[in-house]
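In what follows, a structure is listed as structure tokens, so that the remarks can point back to it.
Below, each value reflects all heavy atoms present in this structure, side chains not excepted, and no hydrogens, waters or symmetry copies.
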Amino acid sequence: MAFTGFAVPIRNQKIRDSYLGLGENYRALLEPSAVWSSIFSCMGYKPPTVKLPIPPEKIDGQTMTFKPVRDGIDLEVSGVMQVIEDANGFNVNASYIVSQNPPLCRVYWFDQPEIDAIVKLAVKEKRRILIVDDDREITRLVKILLERTGRYSVLEENDATKAHQSAQDFRADLILLDIMMPEADGGEVAAQIEADPELQRTPIIFLTALVTKPETNTGLLIQGHPSLAKPINIPELISGIEENLPAQ
């Protein structure tokens with residue numbers, strides 16, 4: 001019998017709200033490993049046993065995008081990795097949304113080639129993105145959404161007067177910089193960074209409500225730097241980041 005996962009209805013309102021919000025509570029949907037083992041024993045199904053060339057904590061609990069191809073889905077989905085130790089190695093799974101009405105979750109078990117690809121991604125150094133904006137809600141949302149891609153490590157700085165020091169300490173690969181801030185405007189911060197020999201080559205993208213999306217789409221530069229209009233469109237932001245990041 002071919003089997004790759006369970007479809008589980010999410011009936012608990014608190015879990016449902018958390019799961020459908022920012023997706024930070026996937027693990028709450030999973031049964032303890034002992035219960036899984038009992039279920040698998042009854043069904044005669046054994047998840048793939050895999051070898052991990054890195055410590056399990058490097059991927060356990062991490063949000064990852066993947067294609068659950070053995071479930072007949074050739075689209076990327078997001079899920080939180082769970083690593084379960086097995087007598088001969090590890091069983092590794094992630095849960096993902098099947099549908100939202102009613103909310104359903106499916107558990108996908110990874111085989112060795114898939115784990116090898118995930119490990120390569122996990123050990124690759126993430127690019128460091130510093131976002132400077134006095135709006136804490138904006139920086140928190142951008143941090144969550146960028147880090148969910150698995151490609152970036154994001155530091156928030158909500159005090160413009162500390163942005164230069166944060167860029168130095170964090171060794172930012174790219175800086176997302178708001179223009180209108182109460183402590184110091186983005187132009188002043190950019191000037192400080194450009195005057196620093198260690199940071200002057202660090203790409204800066206201005207995030208601002210002072211220009212429109214059509215203007216930024218024409219390649220508008222502010223103080224010689226690219227810009228994106230607020231409200232921020234995350235796919236456009238990721239595209240802008242990738243276009244301006246220096247090669248590794």
Side-chain angles (χ1 to χ4, degrees), residues 1-33 35-54 56-86 89-124 126 141 144-152 233-239 241-242:
M1 174 180 64
F3 177 84
T4 54
F6 294 111
V8 182
I10 308 170
R11 297 188 176 89
N12 182 285
Q13 187 64 44
K14 183 177 180 181
I15 293 176
R16 178 186 300 182
D17 291 345
S18 177
Y19 185 84
L20 296 180
L22 292 174
E24 299 243 2
N25 204 21
Y26 288 93
R27 275 164 152 328
L29 304 173
L30 298 177
E31 298 288 346
S33 57
V35 176
W36 280 121
S37 299
S38 177
I39 293 173
F40 295 141
S41 177
C42 293
M43 298 185 65
Y45 172 77
K46 183 174 177 59
T49 298
V50 298
K51 304 294 183 183
L52 293 180
I54 61 174
E57 57 268 22
K58 290 288 186 180
I59 60 173
D60 187 50
Q62 299 297 311
T63 301
M64 195 72 65
T65 57
F66 61 96
K67 288 184 178 181
V69 291
R70 291 190 306 283
D71 286 356
I73 299 175
D74 194 29
L75 299 173
E76 284 196 341
V77 299
S78 293
V80 174
M81 308 292 289
Q82 183 183 46
V83 179
I84 301 171
E85 190 165 3
D86 182 85
F90 297 90
N91 306 133
V92 183
N93 69 58
S95 59
Y96 65 98
I97 285 289
V98 178
S99 68
Q100 294 191 7
N101 189 22
L104 295 175
C105 169
R106 177 167 288 170
V107 178
Y108 186 82
W109 297 89
F110 299 94
D111 61 20
Q112 191 66 55
E114 291 169 328
I115 286 298
D116 291 342
I118 288 171
V119 167
K120 285 183 180 180
L121 181 62
V123 299
K124 183 178 180 180
K126 295 179 181 180
L141 181 60
I144 289 171
L145 294 177
L146 288 183
E147 289 190 341
R148 282 179 64 182
T149 68
R151 289 180 275 174
Y152 311 110
N233 178 289
I234 294 299
E236 289 181 3
L237 178 60
I238 292 175
S239 177
I241 289 172
E242 291 300 320

Gap between atom [atom2] of [Y] and atom [atom1] of [X] - 0.5 Å precision:
| X | Y | atom1 | atom2 | answer |
| --- | --- | --- | --- | --- |
| Ile115 | Thr49 | CD1 | OG1 | 11.5 Å |
| Arg148 | Thr63 | CZ | OG1 | 6.5 Å |
| Arg70 | Asp111 | CZ | CG | 4.5 Å |
| Thr149 | Met64 | OG1 | CE | 10.5 Å |
| Leu145 | Leu237 | CG | CG | 9.5 Å |
| Leu75 | Tyr96 | CG | OH | 10.5 Å |

For the student: nearest non-hydrogen atoms of [X] and [Y], plus distance:
| X | Y | result |
| --- | --- | --- |
| Pro48 | Asn91 | O-ND2, 3.1 Å |
| Phe66 | Ala94 | CE2-CB, 3.7 Å |
| Leu146 | Tyr152 | O-CD1, 3.4 Å |

Taking [X] for the side chain and [Y] for the main chain, is one N or O donor matched with an acceptor at less than 3.5 Å?
| X | Y | answer |
| --- | --- | --- |
| Asn93 | Phe110 | no |
| Gln62 | Met81 | no |
| Asp60 | Val83 | yes |
| Glu242 | Ser239 | no |

Item checked: Step-by-step side-chain contact (heavy atoms from CB on, under 4.5 Å) determination, Ile241 to Arg151 -> CA-CA 11 Å; Ile241 289 172; Arg151 289 180 275 174; over 6 Å; no
Margin query: Under the criterion side-chain contact (heavy atoms from CB on, under 4.5 Å), I'd like the reasoning laid out for Ile73 against Lys67: C-alpha separation, chi angles, the key distance, then a yes or no.
Written below: CA-CA 7 Å; Ile73 299 175; Lys67 288 184 178 181; over 6 Å; no
Margin query: Could you check whether any side-chain heavy atom of Val69 comes within less than 4.5 Å of a side-chain heavy atom of Glu114, counting everything from C-beta outward?
Written below: yes
Margin query: Run Ile118 and Val92 through side-chain contact (heavy atoms from CB on, under 4.5 Å) and show every step you take.
Written below: CA-CA 11 Å; Ile118 288 171; Val92 183; over 6 Å; no
